[in-house]
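These notes concern the structure reproduced below.
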Amino acid sequence: MQRIEQCEARLGEADHRIRNSLQLVASMLSLQARSAIDEKAASALHTAKDRIYTIAMVHEQLNGCATEDCVDLGKLLTRLGELLGGNRPENVRQVVVTAAPISVPTQLAKHLGLLVCELVTNAFKYAYPDERMGDIRVRLTLSADHCQLAVEDDGVGMPGGLDGMPARGFGAFMLKSIVGVTGGKMRIGEGIGATIIIEIPSKSLSIRAAETRPAEK
């Protein structure tokens, strides 16, 4: 028993060091961006900083949601939504997360957490230009054969579809790569604004619904 507690303590310390290291790298990139003369270089450094910070944030939140090798994805997305909402721009009124309690493998939860952070951050930047204002919503549902994750807004929309995403380039490549790793498919939903939907087969990813509590509101 004592040995188990020692191992858990060491793992906790390692997690803390990893998180601090990621945050340090993000801070260094931020300082470098401020001193960059070229605007494109500064923008690239800020984007890299944001993504490293996102990895640190997902890593930290996984510690509070994991049970053995599984994670409550609904709980993880709810926590990420709260953190993202706390750093939203003035033209975004709120980030609303409606997530069913779904238990998934830890690695899958990490991928989906990163994906949601990227999509929400893109919506922060592009959904409501000029004096527009609105919300950003994240929905997680489970059906008999698949898990559906959606990030939506009521902004200017995406006339060019997935190929016309503002995150074209590495951002778009990263999104599509993450979706590919999960075995899912990404598509644009109908309606006002932009809705990006990711559907992941339940059977192939060992997703199961938690039966002990209601969905997070």
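All residue numbers in this chain count up from 1 along the given sequence.
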Steps toward side chain to side chain contact (heavy atoms under 4.5 Å, CB included) verdict (I188, T195): CA-CA 6 Å; I188 299 295; T195 300; 5.8 Å; no
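- No chain of hydrophobic side-chain contacts below 4.5 Å, direct or via other Ile, Leu, Val, Met, Phe, Trp or Tyr residues, connects L112 to I197.
- Residues D154 and R137 are in side-chain contact: their nearest non-hydrogen atoms beyond the backbone lie under 4.5 Å apart.
- Pairing each heavy atom of D72 with each of P101, the nearest pair is OD1-CA, 3.8 Å.
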Stepwise side chain to side chain contact (heavy atoms under 4.5 Å, CB included) check, Q148 with R139: CA-CA 8 Å; Q148 185 180 95; R139 293 184 288 104; 4.1 Å; yes
Stepwise side chain to side chain contact (heavy atoms under 4.5 Å, CB included) test for E152 and I136: CA-CA 6 Å; E152 60 184 16; I136 296 172; over 6 Å; no
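- Nearest approach of V92 to Y128, heavy atoms of both residues: CG2-CD1, 4.2 Å.
- Rounded to the nearest 0.5 angstrom, E131 CD and E90 CD are separated by 12.0 Å.
- Rounding to the nearest 0.5 Å gives a distance of 10.5 Å between CG of N122 and CG of D153.
- How far CZ of F124 is from CG of N87: 7.5 Å, rounded to the nearest 0.5 Å.
- With contacts defined as side-chain heavy-atom distances shorter than 4.5 Å, the pair V116/L149 qualifies.
- Side-chain contact check for V179 versus L115: some heavy-atom pair is nearer than 4.5 Å.
- By the 4.5 Å heavy-atom criterion applied to side chains, I102 and C147 are counted as neighbours.
- When side chains are defined from C-beta on, L80 counts as touching C117, because their heavy atoms get closer than 4.5 Å.
- What you find for V156 and Y126 is that their closest heavy atoms are CG2-O, 3.6 Å.
- Annotation for G184 and P201: closest pair CA-CD, 4.2 Å, computed over non-hydrogen atoms.
- At least one side-chain heavy atom of E82 sits under 4.5 Å from a side-chain heavy atom of T78.
- Proximity of a side-chain donor or acceptor of D130 to a complementary backbone N or O of R132 within less than 3.5 Å is not detected.
- Closest of all the heavy-atom pairs between C70 and T106 is N-OG1, 3.8 Å.
- With rounding to the nearest 0.5 angstrom, the NZ atom of K75 is 15.0 Å from the CG atom of L140.
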Full working for side chain to side chain contact (heavy atoms under 4.5 Å, CB included) between R187 and E199: CA-CA 9 Å; R187 61 183 174 86; E199 292 182 343; 3.1 Å; yes
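- Counting only heavy atoms from C-beta outward, the side chains of I198 and L119 approach each other to under 4.5 Å.
- Of the inter-residue distances, the one linking Q107 atom CD with T182 atom OG1 reads 11.5 Å to the nearest 0.5 angstrom.
- For the pair V138 and T98, the minimum side-chain heavy-atom distance is 4.5 Å or more.
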